[in-house]
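Report on the structure given below.
Any value given below was found using the heavy atoms of this structure, including those in side chains, with hydrogens, waters and symmetry copies removed.
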Amino acid sequence: MQTDSSSSDISSNNTGRARRRKRPTEATSDGNKTNEPNLLVNDQNKYKSMLIRTYSSLWMMAGFVLVIYMGHLYIWAMVVVIQIFMARELFNLLMRVNEARWLPWFRLLNWHFFFTAMLFTYGRFLSHNLVNTVTTDKLLYKLVSALVKYQMLICYFLYIAGFVWFILTLKKKMYKYQFKQYAWTHMILLLVFSQSSFTVATIFEGIFWFLLPASLIAINDVAAYFFGFFFGRTPLIKLSPKKTWEGFIGASFATIFSAFLLARVMGSFKWFTCPRKDLSTGWLDCDPDPMFKPEYLSLGEWVPKWFPWKEVGILPVQWHALALGLFASIIAPFGGFFASGFKRAFNIKDFGDSIPGHGGITDRMDCQMVIAVFAYIYHQSFIATQNFSVETILDQILRNLTFEEQLTLYEQLGLIFRERQLAQG
């Protein structure tokens, strides 16, 4: 019996081996595959994916251009809509359907914390703009001034209300799940609002400082996709197997070059460069900042005598744009790598399916979140002036001092000026 069983095992192994043998045609086809370069351009299915991705990108670009044309307030509204979609995708990531049925009000609690964080964040950044908008109506001005004054107190008690709400909804055998959701909600709020608050603050400093970094991320993403599609051979990082060194390096050169050119084009329009001091939507007109006034460099002996241009005008902001381009091409992609690792940890392909061919809104905002913070910090560190203008000081005096206090200030300034005149005489 043992010999029979052993012989049967041997025969089964032989048949198994025979079944695993490949025909000569199959072997040659595999051999050809190994000899061929591993290019995405050879994958026919990728063309369909690229077509869908291109259509979606064109629609997004058209909508983005329309919002930019409409102005600062509408750009802010677009950022708010993007935040809501991102929060919804991230809230859904850890929501368990079976356990959520026993907590019908828990999702509403998440959104309570979300809108409380929104009121706190934008109240701090846009209080001055809001007050400037309602200066013509005295009653509305007083109401808005009171809201701005007690905005932090209101947000605090809204948060405490949510905290008490959470404690009262705790249920036995679901404590662990509820506390996970509570911690997850706070992490989402930190992730979403930490970058978007800087984005909104940058918008009102001038659309230029929002549009240029956002455009550079889009250019870098598109350039990396096409360079990798046609030339990609060497994997870049294990977290994103489709990323290649060829795409990364090609996109870096394209992004830095585009940054220099885009800064020249955008810096020529006041609609992009003028800051917005209120929440109105009217046309802007201001004296251009020195950063946006061209400096002419003589070409001299660098060009032949027949060359028609003997000098070239360069905006000082173009040199700063190179720093933004360098960051967008080298550092910002790590936001995408972080998102890839995050999705691998949860075994998902995309955060959502809001955009055909791209995934969810969060999939498109990973690198934007990184550069938004950098753009604001760079602007405040190297671009923004810390000097208060006469118009700003007069505006503060007229809005915050009574008529008697303004008269007292006028008399004291007169005494100071007379004492200085006597001292100089």
Side-chain angles (χ1 to χ4, degrees), residues 57-58 60-79 82 195-196 198-223 251-277 280-297 309 311-332 364-365 367-385:
S57 300
L58 292 175
M60 285 191 295
M61 287 175 59
F64 185 71
V65 170
L66 178 62
V67 172
I68 294 297
Y69 174 78
M70 295 176 71
H72 303 70
L73 189 61
Y74 293 93
I75 300 174
W76 174 35
M78 179 188 67
V79 173
I82 290 174
Q195 59 85 23
S196 60
F198 292 108
T199 302
V200 174
T202 306
I203 291 170
F204 286 90
E205 293 290 343
I207 295 178
F208 177 92
W209 299 107
F210 162 77
L211 182 58
L212 180 63
S215 301
L216 293 180
I217 290 297
I219 291 172
N220 184 262
D221 188 28
V222 172
S252 298
F253 282 104
T255 304
I256 295 173
F257 180 73
S258 300
F260 193 78
L261 295 182
L262 281 177
R264 184 67 176 89
V265 175
M266 295 179 185
S268 303
F269 297 94
K270 293 184 178 180
W271 183 244
F272 293 150
T273 60
C274 291
R276 173 72 73 179
K277 300 300 182 183
S280 63
T281 57
W283 195 256
L284 284 173
D285 189 16
C286 64
D287 184 24
D289 189 90
M291 283 287 172
F292 300 103
K293 294 181 179 179
E295 296 178 351
Y296 293 93
L297 302 178
W309 296 284
E311 59 182 10
V312 60
I314 296 178
L315 302 180
V317 75
Q318 289 183 258
W319 306 115
H320 294 281
L322 293 178
L324 293 174
L326 193 64
F327 187 91
S329 58
I330 296 179
I331 305 299
R364 293 297 91 206
M365 293 295 112
C367 300
Q368 296 285 359
M369 291 190 294
V370 177
I371 200 170
V373 180
F374 175 75
Y376 176 81
I377 294 175
Y378 188 90
H379 178 271
Q380 294 298 314
S381 301
F382 301 104
I383 307 297
T385 57

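For the pair M78 and I68, the minimum side-chain heavy-atom distance is 4.5 Å or more. For the pair F204/I75, no side-chain contact is recorded, criterion being any heavy-atom separation below 4.5 Å from C-beta on. For the pair L262 and S215, the minimum side-chain heavy-atom distance is below 4.5 Å.
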Which is it for F272 and V265 under the side chain to side chain contact (heavy atoms under 4.5 Å, CB included) test, yes or no, and what are the steps along the way? CA-CA 10 Å; F272 293 150; V265 175; over 6 Å; no
For a side chain to side chain contact (heavy atoms under 4.5 Å, CB included) check, start with the C-alpha distance between T273 and M291, then their side-chain angles and the critical distance, and finish with the verdict. CA-CA 10 Å; T273 60; M291 283 287 172; over 6 Å; no
Taking it one step at a time, do I203 and V79 satisfy side chain to side chain contact (heavy atoms under 4.5 Å, CB included)? CA-CA 10 Å; I203 291 170; V79 173; 4.1 Å; yes
Quick one, Q368 with Q195, criterion side chain to side chain contact (heavy atoms under 4.5 Å, CB included). Give me CA distance, side-chain angles, the key distance, then yes/no. CA-CA 9 Å; Q368 296 285 359; Q195 59 85 23; 5.9 Å; no
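Pairing each heavy atom of F210 with each of T202, the nearest pair is N-CG2, 3.9 Å. Scanning both residues, N220 and S252, for their nearest heavy atoms gives ND2-N, 4.1 Å. Nearest heavy atom pair, residue A259 against residue L212, reads O-CD1, 4.4 Å. Between L324 and W209 the shortest heavy-atom distance is CD1-CZ3, 4.3 Å. Residue L284 comes nearest to H72 through the heavy atom pair CD1-CE1, 3.3 Å, listed as atom of the first residue, atom of the second, then distance. Between A328 and A332 the shortest heavy-atom distance is O-CB, 3.6 Å.
Distance check: C274 SG to W283 CH2 gives 9.5 Å after rounding to the nearest 0.5 Å. We find the CG-OH distance between L66 and Y74 to be 10.0 Å, quoted to the nearest 0.5 Å. Distance check, rounded to the nearest 0.5 Å: CD1 of I219 to OG of S258 gives 4.0 Å. The CE atom of M60 sits 6.5 Å away from the CZ atom of R364 when rounded to the nearest 0.5 Å. Rounded to the nearest 0.5 Å, atoms CD (E295) and CG (L315) are 9.0 Å apart. Here the straight-line distance linking atom CG of L322 with atom OG1 of T255 works out to 12.0 Å at 0.5 Å rounding.
Listed by first then second residue, pairs satisfying side-chain hydrogen bond (donor to acceptor under 3.5 Å, both in side chains) with a partner in residues 311-331 read H320-Y378, not counting sequence neighbours.
Between F208 and the choices W271, F292, F269, the side chain to side chain contact (heavy atoms under 4.5 Å, CB included) rule is met once, by F292.
Of the possible polar contacts, one joining the R264 side chain to the G313 backbone as a donor-acceptor pair under 3.5 Å is found.
With sequence neighbours excluded, no residue forms a side-chain contact (heavy atoms from CB on, under 4.5 Å) with M61.
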